[in-house]
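A short worksheet on the structure shown next.
Because the structure is a prediction, the values reported are computed rather than measured. These values consider heavy atoms only, across backbone and side chains, with no hydrogens, waters or symmetry-generated copies. FYI, the numbering just counts along the sequence from 1.
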Amino acid sequence: MGDTGTTTPTARWSDFEAAEPALAATVRERFGQYTHHALATLRKDGSPRLSGIEADFRDGELWLGMMPNSLKARDVRRDPRFSLLANPGEGTGMGGGDVRVSGRAAEVTDPATVDWYARVAGAPQPFHLFRAELTEVVRTAVEGEEIVFRTWAPGRAVRTIRRGNDDSPPREDAA
């Protein structure tokens with residue numbers, strides 16, 4: 001089995017919202033523009049797998065529901081690391097920027113929680129339910145002539161890195 005990154009700190013969605021409410025609102029809004037998004041997982045041989053998925057923000061959590069025994073569910077049950085990219089939309093306008101959430105998928109097997117989620121989300125059972133434990137959140141957007149990366153990880157403030165369309169090195173905004 002590959003390195004599952006178990007020493008990397010994680011945070012629940014509600015922790016991220018409390019720590020960085022403005023970025024969390026931007027990320028949530030961006031995910032809310034479309035229903036389907038792209039989930040990256042790791043196959044048994046360690047190579048990447050990209051799958052479509054619906055992401056659901058509910059009750060202070062980011063939830064990932066998957067069909068029983070789907071390849072993506074088997075992937076995260078074996079190695080919980082994932083990255084979730086918000087649907088970029090049509091064309092090249094970036095629709096408010098690209099957003100990506102990375103972390104570990106924690107499977108929820110408590111019958112009461114699964115039943116609650118099925119009821120409030122209208123999810124047909126059976127399914128695998130996972131709660132996202134965040135290790136990184138990134139928003140990438142074009143501002144003027146620069147590409148701007150805003151990144152957050154548990155235990156640290158948002159970092160803003162700017163890069164122009166030339167050979168100049170990227171620069172970080174002062175905190």
Side-chain angles (χ1 to χ4, degrees), residues 1-42 46 48-66 72-88 95-110 112-114 116-118 120-121 123 127-141 147-162 170 172-175:
M1 181 187 291
D3 173 17
T4 59
T6 54
T7 60
T8 304
T10 64
R12 294 173 99 147
W13 179 262
S14 58
D15 297 330
F16 169 52
E17 279 185 316
E20 296 295 341
L23 181 58
T26 298
V27 170
R28 191 169 177 161
E29 178 184 334
R30 185 65 186 78
F31 272 103
Q33 291 178 12
Y34 298 94
T35 301
H36 296 95
H37 307 286
L39 178 72
T41 59
L42 294 170
R49 182 188 316 275
L50 197 58
S51 307
I53 194 166
E54 295 179 21
D56 189 23
F57 297 87
R58 197 176 295 273
D59 199 37
E61 302 287 2
L62 170 54
W63 301 96
L64 306 171
M66 301 177 198
K72 62 189 162 195
R74 291 185 351 211
D75 286 348
V76 295
R77 291 177 94 192
R78 180 179 49 257
D79 185 331
R81 294 175 293 173
F82 74 90
S83 280
L84 177 66
L85 177 69
N87 185 326
D98 286 341
V99 295
R100 176 179 45 86
V101 174
S102 298
R104 290 193 294 274
E107 188 164 15
V108 177
T109 57
D110 171 58
T113 303
V114 173
W116 164 82
Y117 184 84
V120 298
F127 61 91
H128 295 289
L129 182 61
F130 298 89
R131 184 187 66 248
E133 296 179 347
L134 311 180
T135 57
E136 181 183 52
V137 177
V138 179
R139 178 177 183 254
T140 305
I147 190 164
V148 178
F149 305 90
R150 287 191 174 80
T151 67
W152 175 87
R156 98 176 144 70
V158 170
R159 294 177 57 204
T160 301
I161 301 166
R162 300 174 179 275
E172 188 168 345
D173 289 358

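What you find for I161 and R159 is that their closest heavy atoms are CD1-NH2, 3.5 Å. Contact record, T10 with E133: CB-CB, 3.8 Å, taken as the closest heavy-atom pair. The minimum heavy-atom distance linking L84 with I53 is given by the pair CD1-CG2, 3.5 Å. Summarising the geometry of A86 relative to R30, their closest heavy-atom pair is CB-CG, 4.1 Å, with the distance given to 0.1 Å. Of all heavy-atom pairs spanning D56 and A121, the tightest one is OD2-CB, 3.9 Å. Considering every non-hydrogen atom in both F31 and A55, the closest pair reads CD2-CB, 4.5 Å.
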**Message:** Quick one, R150 with T26, criterion side-chain contact (heavy atoms from CB on, under 4.5 Å). Give me CA distance, side-chain angles, the key distance, then yes/no.
**Reply:** CA-CA 11 Å; R150 287 191 174 80; T26 298; over 6 Å; no

**Message:** Applying side-chain contact (heavy atoms from CB on, under 4.5 Å) to T160 and V148, what does each step give before you reach the verdict?
**Reply:** CA-CA 7 Å; T160 301; V148 178; 3.6 Å; yes

**Message:** What verdict does the side-chain hydrogen bond (donor to acceptor under 3.5 Å, both in side chains) test give for R100 and S102, after you've listed the backbone C-alpha separation in whole Å, the side-chain angles of each residue and the deciding distance to 0.1 Å?
**Reply:** CA-CA 7 Å; R100 176 179 45 86; S102 298; 2.9 Å; yes

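The closest side-chain heavy-atom distance from R81 to T135 is not below 4.5 Å. Taking 4.5 Å as the limit, every side-chain heavy atom of W116 sits out of range of all side-chain heavy atoms of D110. Proximity of R28 to E17: side-chain heavy atoms (C-beta onward) are separated by under 4.5 Å at one or more points. Residues F16 and L62 have side chains not in contact (no heavy-atom distance under 4.5 Å, counting atoms from C-beta outward). Taking 4.5 Å as the limit, some side-chain heavy atom of L134 sits within range of a side-chain heavy atom of W152. In this structure the side chain of V138 reaches within 4.5 angstrom of the side chain of T151, judged on heavy atoms. W63 is listed as a side-chain neighbour of V108, based on a closest heavy-atom distance under 4.5 Å.
Here CD of E20 is found 9.5 Å from CZ of R156. Values are rounded to the nearest 0.5 Å. We find the OG1-CD distance between T8 and E136 to be 10.5 Å, quoted to the nearest 0.5 Å.
Partners of F82 according to the ring-ring contact (aromatic ring centres under 6.0 Å, His included) rule, which considers only residues two or more places apart in sequence or in another chain, do not exist here. Every residue meeting the side-chain contact (heavy atoms from CB on, under 4.5 Å) condition with E107, not counting sequence neighbours, appears here in chain and number order: R77, T109, H128, F130.
Side chain of R131 to main chain of L64: no donor-acceptor pair is present (N/O by atom type, distance under 3.5 Å, no hydrogens or angles). No donor-acceptor distance shorter than 3.5 angstrom exists from the side chain of K72 to the backbone of R49, with no hydrogens or angles considered. Put simply, the side chain of N87 gets close to the backbone of H36: a donor and an acceptor are under 3.5 Å apart.
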